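Accompanying notes for the structure given below.
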Protein chains: 2
Amino acid sequence: MTDPAPNRRRRTMTLRDVSEASGVSEMTVSRVLRGRADVSAETRARVLGAARRLGYVPNRIAGALASQRVNLVAVIVPSMSNMVFPEVLAGISEGLEGSGLQPVVGLTRYDPGHEEAVIYDMLSWRPSGIIIAGLEHSDATRAMLGAAECPVVEIMDSDGAPVDSLVGISHRRAGGAMAQAIVAAGYRRIGFVGTRMVHDHRAAKRLAGFEAGLAAHGLALEDRADYAGSSSLAKGRDLTEALVRRCPDLDFIYYTNDMVGAGGLLWCAAQGVAVPERMGLAGFNALEILGGLPRRLATMDSCRHEIGRRAAEIIRAGERGRLVELTPTLQPGDTIRRPAREETP
Amino acid sequence: MTDPAPNRRRRTMTLRDVSEASGVSEMTVSRVLRGRADVSAETRARVLGAARRLGYVPNRIAGALASQRVNLVAVIVPSMSNMVFPEVLAGISEGLEGSGLQPVVGLTRYDPGHEEAVIYDMLSWRPSGIIIAGLEHSDATRAMLGAAECPVVEIMDSDGAPVDSLVGISHRRAGGAMAQAIVAAGYRRIGFVGTRMVHDHRAAKRLAGFEAGLAAHGLALEDRADYAGSSSLAKGRDLTEALVRRCPDLDFIYYTNDMVGAGGLLWCAAQGVAVPERMGLAGFNALEILGGLPRRLATMDSCRHEIGRRAAEIIRAGERGRLVELTPTLQPGDTIRRPAREETP
DNA sequence: CTGAAAGCGCTAACAG
DNA sequence: CTGTTAGCGCTTTCAG
């Protein structure tokens, strides 16, 4: 019973093998394996037994080609080490639960060229939906998304026009709201810590909204410091120190995210800078991972999980042109002074 | 020139459309689009122009079926919010660079049932390689991996026998080395903070190695505290407090990872506990994101990036049965006393 | 360098 | 409830 031609390339197992092993036609085997109800219990058992015995795994490539259907949803995000995108993905998984759809992640590294390549690649697998972070894309990318036959949901950002559907928050307004809160609390000499990432449009919009919010009160940023690469506590600490050295009379620093903001908070604690009296601080994202710090950093929830979930729901419903704008909530934490004349509810 | 039957389902664009638009046979169009060199420059230009004009995106489902080749590498990890797996993935991407292979990530949530389902799903796409975290799998999973026709690399852990190839570190020895260092530094009353995650086999092996290392010196853990769910500074802080309350004479706490370890460090700082004199601390992973803390936590590098890179190289080389064991280095940081009789270099 | 023919493994659409 | 017949869109192979 040994293989008569051991060197011949072993043919990959097919439906036909299961069909022969079970004595049931290929078509019926296919029905059983796809879980269709219109097969007798006895036949089903025979087929399932044979498939299991053989260790058969269906070939979805062939299945997808024949049925013109693919159970994949392309999810395109800048990075996975950012701590925010894993949470978006968790929301997407939750929203896709029970639909049979599987998310497949592609990374752009905040680079439009990569984004284009990744989308081309994803589209070549003919996914059932596309969820992509941001509204800013190259012309070619926008053209591909527009030509895709599946629903497309652009997420995270609502400041702009989507190709199809959109689920996000207004970073512009988020920045503005933070500026408003800071000014109301009496801070006047305000600095900013951000990244040099040119293609992080959401961060740029947040800052633009923030500056507009300051300008509404006749204020402007005193100074800013920027870092390259990924965020960390160390970068927040170092840039805070640099900013304060350069501009000793700052009374507030707005950070592009909580990770660097937390670094700033640790620096202030180490230096004995009184927070929030002498210096106020705020970040963005409401990262729960940082909840154990001695003081809670003022921040704003970026609704990552819900954005993912809502986007997934649009895909599974096959909706087109849906617009969902979420509203982030300000969490003042311990690093913004209470406004002098605010009433206690 | 408008569509004569607007309601008819628009047929998906095929090679034939590009062929007709360019006046070149389908076969030659296919050659051009796959970047083969045996096509005249003029023909190539005509085809590329037509393809771009039409916005044609090749159908890889059909291509993969016909060529029996798929440029996908399945990467199966427990989670993506762990901060360690994104770095493994970065290593994999780096190792795959230029090979034309694309990683596709599947998540198991530390659950063998999910793992099985994810692998079945991945295999149904006939990937060119499988990279999977850990050596502990259900029988069905092991059977599927064994039957897969592509290279399989089990990563992260080297304490056990792989199905095919392996790239990892010995967590057992890592735990043992840490115990050795702690005892050498003079600590004697040692506690542990870990997770309740039953299926985190690497954490379990680290602890087993740690306890064995203590036992070699006639010591045992005084006490332990465990948390559920994902790691955070807050959990590290709270469990440290609980442990110290329960066992006030502890002089060292070993943490299952740096995130909770850092939480413990912050708690000690807030309480004025002298580190490393009164209390020593150590974690695991060497997370660089935490580098900005006031003091550097003692830890051990888990070689995440290199593990990913080496695994990718095995896949792209199509190697079988390769075993690669990496050696993590101890980083004493500021939270372990210098051993009394150690010489300064 | 280019083209024609024959599938890849599965499923839609019918027939029984 | 089960089987038969055509493809799905591309690539392999073999001729020109």
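First the proteins, then the strands, lettered A, B, ... as listed; each starts at 1. Not measured: the values here are computed from a predicted model.
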In this structure, how many angstroms lie between the P atom of D:dC8 and the CG atom of B:Asn59, rounded?
12 Å
Please determine, by modelled atom types, if A:Arg34 and A:Ser30 share a side-chain donor-acceptor pair under 3.5 angstrom.
yes
Using side chain to side chain donor-acceptor pair (under 3.5 Å), reason through B:His199 and B:Glu115 one step at a time and then give a plain yes or no.
CA-CA 11 Å; B:His199 293 289; B:Glu115 178 177 84; over 6 Å; no
Any side-chain to backbone donor/acceptor pair from A:Asn59 onto A:Ala62? Under 3.5 Å, distance only.
yes
N/O (side chain, A:Ser25) to phosphate O (OP1/OP2, D:dT4) under 4.0 Å:
no
Are any of A:Gln68's side-chain N or O atoms less than 4.0 Å away from OP1 or OP2 of C:dC10?
no
Side chain B:Ser19, main chain B:Val24, donor-acceptor under 3.5 Å
yes
Could you walk me through whether A:Arg316 and A:Glu313 satisfy the salt bridge (charged side-chain N to carboxylate O under 4.0 Å, His left out) test, starting with their C-alpha distance in whole Å, then the side-chain angles of each, then the deciding distance to 0.1 Å, before giving a yes or no?
CA-CA 5 Å; A:Arg316 69 188 292 177; A:Glu313 284 165 2; over 6 Å; no
Less than 4.0 angstrom between a side-chain N/O of A:Ser30 and OP1 or OP2 of C:dT11, yes or no?
yes
OP1 or OP2 of C:dA12 versus the side-chain N and O atoms of A:Arg69: is any pair under 4.0 Å?
yes
Could you work out which one of C:dT2, C:dC10, D:dG3 sits closest to the side chain of A:Val24?
D:dG3
Is there a side-chain polar atom (N or O) of B:Ser67 under 4.0 Å from OP1 or OP2 of C:dC8?
no
Output the single nucleotide from C:dC1, D:dG9, C:dT11 whose closest atom is nearest the side chain of A:Leu15.
C:dT11
Specify the residue among B:Asp38 and B:Ala66 whose closest nucleotide of DNA chain C lies further upstream toward the 5′ end.
B:Asp38
Respond yes when some side-chain nitrogen or oxygen of B:Thr14 is under 4.0 Å from OP1 or OP2 of D:dG9, and no when none is.
no
For atom CG of B:Leu65 and atom P of C:dG9, their distance in whole Å:
7 Å
Whole angstroms only, please: what is the CZ-P distance between B:Arg16 and C:dA4?
11 Å
Euclidean distance, atom CD of residue A:Glu42 to atom C1' of D:dT2 [Å, nearest integer]:
13 Å
Taking only the side-chain nitrogens and oxygens of A:Arg60, find out if one of them lies under 4.0 Å from OP1 or OP2 of C:dT11.
no
A:Arg126 atom CZ is separated from C:dC10 atom P, nearest whole Å, by 21 Å
Rounded to the nearest angstrom, tell me the gap between atom CZ in B:Arg36 and atom C1' in D:dT11.
10 Å
5'-most contact on DNA chain D: B:Pro58 or A:Gly23, nearest heavy atom basis?
A:Gly23
Taking atom types as modelled, is there a side-chain donor on A:Arg322 or A:Ser165 under 3.5 Å from an acceptor on the other?
no
Result for 5'-nearest mapping on DNA chain C, choosing between B:Arg31 and A:Tyr56, is B:Arg31
Length of the line joining A:Met27:CE and C:dG16:P, which is rounded to integer Å:
17 Å
Spacing between A:Glu26 atom CD and C:dC10 atom P, to the nearest angstrom:
8 Å
Do the side-chain N or O atoms of B:Thr28 get closer than 4.0 angstrom to the phosphate oxygens (OP1, OP2) of C:dG3?
yes
